[in-house]
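One-based numbering along the sequence shown. For ligands, and for the atoms within them, numbers begin at 1 and follow the listed sequence. For the numbers below, each heavy atom of this structure counts, side chains included, while hydrogens, waters and symmetry mates do not.
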Amino acid sequence: MKQNNLWQETSEEKATFKLLEGTVESDITIVGGGYTGCSAALTAAENGLSVSLIDQQIGYGGSGRNVGLVNAGLWLPPEKVEGILGKKDGVKLNEALASAPDLVFNLINKNNISCNANRAGTLHCAHSQNGLKDIKIRHRQLSDRGAELKLLDENETELATGSSSFHGSLLNENAGTINPLSYCLGLARVAQSKGAHIFESSLATKIEFQNDSWITYTDKGSIKSKKLLIATNAYLSNVSGIPSSKYTPVYYFQAATQPLSKEIIKGILPKSHGCWDTATVMSSFRIDKHNRFIIGGIGNLGQNISKIHSNWARRKACSLYPSLKNIPFDYFWGGEISMTDDHIPKIYRFGKNAYSIFGYSGRGIGPGTYFGKSIAEAFANENEDSLPLKPTSNNNQKFCTIKGSFIELGAKINHLV
Ligand SMILES: Cc1cc2nc3c(=O)[nH]c(=O)nc-3n(C[C@H](O)[C@H](O)[C@H](O)COP(=O)(O)OP(=O)(O)OC[C@H]3O[C@@H](n4cnc5c(N)ncnc54)[C@H](O)[C@@H]3O)c2cc1C
């Protein structure tokens, strides 16, 4: 069985874009058409800058494969962010990303992006007593910073999820779910309608800095610009002439059923919350607009669908919801997450007016949209004040391959038992 991405089959946004041919000149070149690149293209166009974005396919990377949980903040609790970055910079980043769900849902509403947006809220579910302590700490820290969250006890969590597996949960009613690929395609469509030039089947192969300009080459064309954004996160293909971003690759996969009948879906996520749990080898679960059940976990499915991970997905779904016993999972697909050592994204400045943004560490819908918008504002205003995070010229991440293999091994062992 081959990978089969549900979002590709069900995306209501269907935009396709032409190939880059010949030489083009723009204010900004963007390499990568996920949320970061498309949001940057949209904001740049709105600010009157000419912008060209290239990719093999819009939403080919994490933006077309993820769970679709539109959450606030990063994975890290806010005190940790402030501890790592220092109080002033940490508060700036926390405040910026606290508003990220508003940014995403406002863009969707304002531009009529057809992505099954459902702002019913998300639940961070405590899988153990330690998990419960973790969400209580998060609740306190986030509430102290003005977030309106509800801590649900075991019974309330059972009512909200329809599963008796959890010790409690943290409900964020400001968050929600989307079809992630549709959202990305919608952003690209809107960016193009505002004047951005979007190209598909056009991978950057070489980038050079000549006479104060960046020249980005593809197989059939090139773009000349003063400003350059590399927005490839975990998916950078071979491009000569620029440093590649360093991160630990972490694989995450999902499995989905066909639309479930009324009898089977009864009691499963009655309020359509998007959920994930507190386990180190974490899982996620949600339903889509047509009542397909979608479960996710850490692990590399490989092209031919790893039996260890796919069997775990079926077992895990039944342990959460016994009514899913014997229900087939027809979709299996995976993606790659770029994890940084401190789990904080990076704005890596590697040349004059040239940045690479990556390392969302598994929380990139809100942050990618926000960082993309901010870098476009920084280009437009010719200063970096709008950025939620100070750019760095340090691209050092340690033992990435070993750490990635270790995480995959841990996930396999966890999914075997
Ligand atoms: C399985 C999975 C589940 C996740 N779940 C969630 C979630 O529920 N909520 C959440 O907030 N985040 C989630 N994330 C994280 C989120 O998806 C990413 O952080 C986000 O999509 C990153 O967006 P991006 O635009 O930076 O990069 P991407 O979406 O990865 O886009 C990078 C693009 O660069 C292109 N590219 C690469 N090389 C070149 C080149 N040489 N020339 C041109 N283009 C190139 C690729 O084709 C790709 O389209 C998840 C990630 C994965 C993988």
Side-chain angles (χ1 to χ4, degrees), residues 3 5 7 20 29-41 52-75 97 100-101 104 122 175-181 183-185 187-188 198-207 216-219 223 229-242 244-245 247 249-255 274-276 282 284-286 294 296-301 333-340 345-347 356-372 375:
Q3 289 203 23
N5 180 341
W7 308 130
L20 172 67
T29 302
I30 300 175
V31 178
Y35 307 132
T36 309
C38 293
S39 168
S52 298
L53 180 153
I54 51 172
D55 201 325
Q56 55 191 306
Q57 200 185 325
I58 299 300
Y60 175 84
S63 302
R65 300 162 187 258
N66 67 60
V67 183
L69 304 177
V70 184
N71 276 316
L74 293 169
W75 279 114
L97 297 185
V104 171
T122 57
T177 55
I178 53 173
N179 175 322
L181 176 60
Y183 171 55
C184 188
L185 287 167
L187 278 181
I198 313 265
F199 301 99
E200 287 184 310
S201 307
S202 305
L203 275 175
T205 51
K206 183 170 79 166
I207 299 180
T216 302
Y217 298 92
T218 66
D219 272 355
I223 311 166
L229 171 64
I230 306 296
T232 51
N233 202 38
Y235 281 83
L236 179 64
S237 67
N238 244 347
V239 183
S240 65
I242 53 162
S244 54
S245 40
Y247 59 86
V250 177
Y251 292 88
Y252 197 88
F253 72 94
Q254 294 179 88
C275 305
W276 77 107
M282 69 157 265
S284 56
F285 53 103
R286 58 166 290 188
I294 308 164
I298 294 176
N300 186 356
L301 277 185
W333 73 102
E336 199 176 325
I337 287 170
S338 72
M339 189 79 78
T340 57
K346 304 292 164 226
I347 303 178
S356 171
I357 303 186
F358 64 96
Y360 295 111
S361 303
R363 173 76 57 92
I365 301 178
T369 309
Y370 196 99
F371 276 62
I375 191 80

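Nearest residue to atom 31 (O) of ligand 1 from Gly32, Gly34, Ala72 is Gly34 (criterion: closest heavy atom). Ranked by closest heavy atom to atom 23 (O) of ligand 1, the top entry among Gly364, Ser63, Ser356 is Ser63. Relative to atom 41 (N) of ligand 1, the option among Ser338, Ser237, Ala100 with the closest non-hydrogen atom is Ser237. In this comparison of Asp55, Ile365, Ile30, Thr216, the heavy atom closest to atom 35 (C) of ligand 1 sits on Asp55. When Cys184, Ala231, Pro249, Gly61 are checked for heavy-atom proximity to atom 32 (C) of ligand 1, Ala231 turns out nearest.
Checked by distance only, ligand 1 and Val67 come closer than 3.5 Å through their nitrogen or oxygen atoms. The shortest N or O to N or O distance between Gln56 and ligand 1 is under 3.5 Å. Polar contact check, Ala234 against ligand 1: no nitrogen or oxygen pair lies under 3.5 Å apart. No N or O atom of Gln254 sits closer than 3.5 Å to an N or O atom of ligand 1. Taking only nitrogen or oxygen atoms, main chain and side chain alike, Ser202 does not reach within less than 3.5 Å of ligand 1. By the 3.5 Å distance cut-off applied to N or O atoms, Arg65 is not counted among the residues near ligand 1. Here's the thing with Tyr35: one of its N/O atoms is less than 3.5 angstrom from an N/O atom of ligand 1. Checked by distance only, ligand 1 and Gly37 stay at 3.5 Å or farther apart across all their nitrogen or oxygen atoms.
The side-chain heavy atoms of Asn71 and Trp276, taken from C-beta on, include a pair separated by under 4.5 Å. Thr205 places a side-chain heavy atom less than 4.5 Å from the side chain of Asp219. Residues Leu229 and Ile357 have side chains in contact (heavy-atom distance under 4.5 Å, counting atoms from C-beta outward). Between Ile54 and Val31 the shortest side-chain heavy-atom distance falls below 4.5 Å. Counting heavy atoms from C-beta outward, Gln3 and Phe253 have side chains that stay 4.5 Å or more apart.
Atom 30 (O) of ligand 1 has Gly62 N, 2.9 Å as its closest protein atom, hydrogens excluded (heavy atom only). Of the protein's non-hydrogen atoms, Gly362 O, 3.4 Å is the one closest to atom 14 (N) of ligand 1. Given atom 40 (C) of ligand 1, the protein heavy atom at minimum distance is Leu203 CD2, 3.3 Å. In terms of protein heavy-atom proximity, atom 22 (C) of ligand 1 is closest to Asn233 ND2, 3.6 Å. Summary of contacts: the protein heavy atom closest to atom 6 (C) of ligand 1 is Asn66 CB, 3.5 Å. Scanning the protein heavy atoms around atom 9 (N) of ligand 1, the nearest turns out to be Leu69 O, 2.9 Å. Among all non-hydrogen protein atoms, the one lying nearest atom 36 (N) of ligand 1 is Thr232 CG2, 3.5 Å. In this structure, atom 52 (C) of ligand 1 lies nearest to the protein heavy atom Ile337 CG1, 3.7 Å.
Shown here for Gly33 and Ile58, the closest heavy-atom pair between the two residues is O-CG2, 3.5 Å. Taking all atoms of both residues into account, the shortest heavy-atom contact from Ala40 to Ile375 is CB-CG2, 4.0 Å.
Close approach to Thr36 involves these atoms of ligand 1, each under 4.0 Å from a residue heavy atom: 24 (P), 25 (O), 26 (O). Listed by number with element, the atoms of ligand 1 under 4.0 angstrom from any heavy atom of Tyr235 are 30 (O), 37 (C), 38 (N), 46 (C). Taking every non-hydrogen atom of Glu336 and a distance limit under 4.0 Å, the qualifying atoms of ligand 1 come out as 53 (C). Against a heavy-atom cut-off of under 4.0 Å, Tyr360 is close to the following atoms of ligand 1: 19 (O), 22 (C), 26 (O). Close contacts between ligand 1 and Val31 involve ligand atoms 40 (C), 42 (N), 43 (C), 44 (N) [criterion: under 4.0 Å to a heavy atom].
The proximity of Val239 to ligand 1, defined as any non-hydrogen pair under 4.0 Å, is limited to the side chain. Here Tyr252 has heavy atoms under 4.0 Å from ligand 1 in both its backbone and its side chain. For Cys38, no heavy-atom contact with ligand 1 is shorter than 4.0 Å.
Taking Tyr235 as the reference, Tyr60, Arg65, Glu336 meet the side chain to side chain contact (heavy atoms under 4.5 Å, CB included) condition, with sequence neighbours excluded. By the ring pair (Phe, Tyr, Trp, His ring centres under 6.0 Å) test, Phe199 pairs with no residue at all, sequence neighbours left out.
Looking only at distances, a side-chain donor or acceptor of Arg363 sits under 3.5 Å from a matching main-chain atom of Leu74. Checked by atom type and distance alone, the side chain of Thr177 never pairs as donor or acceptor with a backbone atom of Gly68 at under 3.5 Å. Of the possible polar contacts, one joining the Ser202 side chain to the Leu20 backbone as a donor-acceptor pair under 3.5 Å is found. Judged by distance alone, the side chain of Ser338 and the main-chain N or O of Gly359 form a donor-acceptor pair under 3.5 Å.
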Q: Quick one: do Tyr183 and Asn66 satisfy side chain to side chain donor-acceptor pair (under 3.5 Å)? Show the steps, please.
A: CA-CA 11 Å; Tyr183 171 55; Asn66 67 60; over 6 Å; no

Q: Could you walk me through whether Val239 and Ile230 pass the side-chain contact (heavy atoms from CB on, under 4.5 Å) test, one step at a time?
A: CA-CA 11 Å; Val239 183; Ile230 306 296; over 6 Å; no

Q: Would you check, one step at a time, whether the test side-chain contact (heavy atoms from CB on, under 4.5 Å) holds for Val67 with Tyr252?
A: CA-CA 9 Å; Val67 183; Tyr252 197 88; 3.8 Å; yes

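Put simply, no part of Gly368 is less than 4.0 Å from ligand 1, judged by heavy atoms.
The distance from atom CD1 of Ile365 to atom OH of Tyr35, rounded to the nearest 0.5 Å, is 4.5 Å.
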